[in-house]
Amino acid sequence: MVDPSQTHAGASNPDSGRPVMKIGIIGAGNIGGNLTRRLTALGHDVSVANSRGPQTLTELAEETGATPVPVEEAAKGAEIVVVTVPLKAVPGLPAGLLDGAAEGVAVIDTGNYYPQQRDGRIAGIEDDGLTESRWTAQQLGHTVIKAFNGTFAVDILERPLPAGAPDRQALPVAGDDEAAKRKVRALIDELGFDTVDAGTLDESWRQQPGTPVYGLRAGTEEVSKALAAAAPERTAEWRA
């Protein structure tokens, strides 16, 4: 692993040949923790934050070399910011969270709406018909790229494969900002997974909980078919 203190934008990862990026991760649960592990191992400069404060992230920092920071500082200078917190916690994130991010920052939303299981009723989703990620983008005041929301956290560590491998897993990626989407898809490829363009944020319902692609461990062809087979109506299990 490259020493994070020696990395900077424009430097090159020795393993991938791709530029080293400054990445902020907000949320250190299963997805956030495993992305921290993989992205630091790839040589990226990772800052990680959670709701309980940087002092609770000492073990993860020692394991990975990531920098634990307060939530307010997680996006500072970041080219990619990963927001991986419960949906109900998104409105409580600090105002101006992304103000110090790099120009053209790509914001990844890994979130899912679990109204009965965790989040309670969110009016913008239930009444206004917003997709989960469109609602999240409104709360953040910045567009997002929906990715990793249907990915098992363990797969981030255990299922990466080189490009072209026959059993390489594919992840759906949705968003409105094409440049940001390309940046996120390139990062996912570096992590060891293929991607399928799932359309805009208004089409991101195709990868929400309860759809055929949610939790699907498959390649690009099957993922594409699963996205096409999705229906926009939420089943009772996924409504408040």
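For the single chain, residues carry numbers from 1 onward in sequence order.
With rounding to the nearest 0.5 angstrom, the OG1 atom of Thr131 is 8.0 Å from the CD1 atom of Ile125. Between Glu73 atom CD and Thr67 atom OG1 the span is 11.0 Å, to the nearest 0.5 Å. A distance of 5.5 Å separates CD1 of Ile145 from CG of Asp177, quoted to the nearest 0.5 Å. We find the CG-CD distance between Leu93 and Glu72 to be 9.5 Å, quoted to the nearest 0.5 Å. With rounding to the nearest 0.5 Å, the separation of CD in Gln208 from CD in Glu132 is 3.5 Å. Atom CD1 of Ile108 sits about 12.5 Å away from atom NZ of Lys146, to the nearest 0.5 Å.
Among Asn112, Asn149, Val223, the single residue meeting the side chain to side chain contact (heavy atoms under 4.5 Å, CB included) criterion with Gln207 is Asn149. Among Ile25, Thr84, Val83, the single residue meeting the side chain to side chain contact (heavy atoms under 4.5 Å, CB included) criterion with Thr110 is Thr84. None of Asp128, Asp176, Asp109, Thr200 except one satisfies the side chain to side chain donor-acceptor pair (under 3.5 Å) rule with Arg134; the exception is Asp176. Glu190 pairs with exactly one of Arg38, His44, Arg185 by the side chain to side chain donor-acceptor pair (under 3.5 Å) rule, that one being His44.
Lys183 and Ala106 make their closest contact through CD-CB, 4.1 Å (heavy atoms, listed as atom of the first residue, atom of the second, distance). Among all heavy-atom pairs drawn from Glu158 and Pro160, the shortest one is C-CD, 3.3 Å. Here the closest non-hydrogen pair linking Val71 and Asn50 is CG2-O, 3.3 Å. The two atoms that bring Gly33 and Leu60 nearest to each other are O-CD1, 4.2 Å, heavy atoms only. Scanning all heavy atoms of the two residues, the minimum distance from Lys22 to Ser47 falls at NZ-OG, 3.4 Å. Minimum heavy-atom separation, Ala198 to Glu203: O-CB, 3.9 Å.
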- Message: Checking Asp189 against Arg168 for the salt bridge (charged side-chain N to carboxylate O under 4.0 Å, His left out) test, could you report, in this order, the C-alpha distance in whole Å, the side-chain angles of both residues, the deciding distance, and whether it holds?
- Response: CA-CA 10 Å; Asp189 178 61; Arg168 203 182 201 214; 2.8 Å; yes
- Show your working on side chain to side chain contact (heavy atoms under 4.5 Å, CB included) between Asp167 and Arg217 and close with a plain yes or no. CA-CA 10 Å; Asp167 296 327; Arg217 288 165 160 154; over 6 Å; no
- Task: Apply the test side chain to side chain contact (heavy atoms under 4.5 Å, CB included) to residues Lys76 and Val69: give CA-CA distance (whole Å), side-chain angles for both, the deciding distance (0.1 Å), then the verdict.
- Result: CA-CA 10 Å; Lys76 186 176 180 181; Val69 296; over 6 Å; no
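Under the 4.5 Å side-chain contact rule for hydrophobic residues, Val144 and Leu98 share a cluster. Under the 4.5 Å side-chain heavy-atom criterion for ILVMFWY residues, a single connected hydrophobic cluster contains both Leu57 and Val46. Note: the hydrophobic cluster containing Val196 does not contain Ile188 (ILVMFWY, side chain heavy atoms under 4.5 Å, direct or indirect links). Side-chain heavy atoms closer than 4.5 Å link hydrophobic residues (I, L, V, M, F, W, Y) into clusters, and following such links, even through other members, never connects Val90 to Val48. Residues Val82 and Val85 do not share a hydrophobic cluster, clusters being chains of Ile/Leu/Val/Met/Phe/Trp/Tyr side chains in contact below 4.5 Å.
Residues Tyr114 and Lys88 have side chains not in contact (no heavy-atom distance under 4.5 Å, counting atoms from C-beta outward). Looking at heavy atoms from C-beta onward, Leu191 lies in side-chain contact with Leu35 at the 4.5 angstrom threshold. A 4.5 Å side-chain heavy-atom check between Leu87 and Trp135 finds at least one atom pair inside the cut-off. Taking the side chain as every heavy atom from C-beta outward, Asp45 and Glu79 never approach each other to under 4.5 Å. With contacts defined as side-chain heavy-atom distances shorter than 4.5 Å, the pair Asp119/Pro86 qualifies. Side-chain contact between Ile23 and Leu187 is present, with at least one heavy-atom pair separated by less than 4.5 Å. Looking only at side-chain heavy atoms (C-beta outward), Glu222 and Lys225 stay at 4.5 Å or farther from each other. In this structure the side chain of Tyr113 reaches within 4.5 angstrom of the side chain of Arg234, judged on heavy atoms.
Around the CD atom of Glu59, the shell of radius 6.0 Å holds no more than 12 heavy atoms that belong to other residues, nucleotides or ligands.
By the 30° and 60° cut-offs, the orientation of the rings of Trp238 relative to Tyr214 is perpendicular.
The main-chain N or O of Glu237 is found under 3.5 Å from a side-chain atom of Gln116 such that the two form a donor-acceptor pair. Using a distance-only test at 3.5 Å, with no hydrogens or angles considered, no donor-acceptor pair links the side chain of Gln169 to the main chain of Arg159. At distances below 3.5 Å, not a single donor-acceptor pair connects side-chain atoms of Asn34 with backbone N or O atoms of Leu157. Remark: the backbone N or O of Ser133 is not paired with any side-chain donor or acceptor of Thr136 at under 3.5 angstrom.
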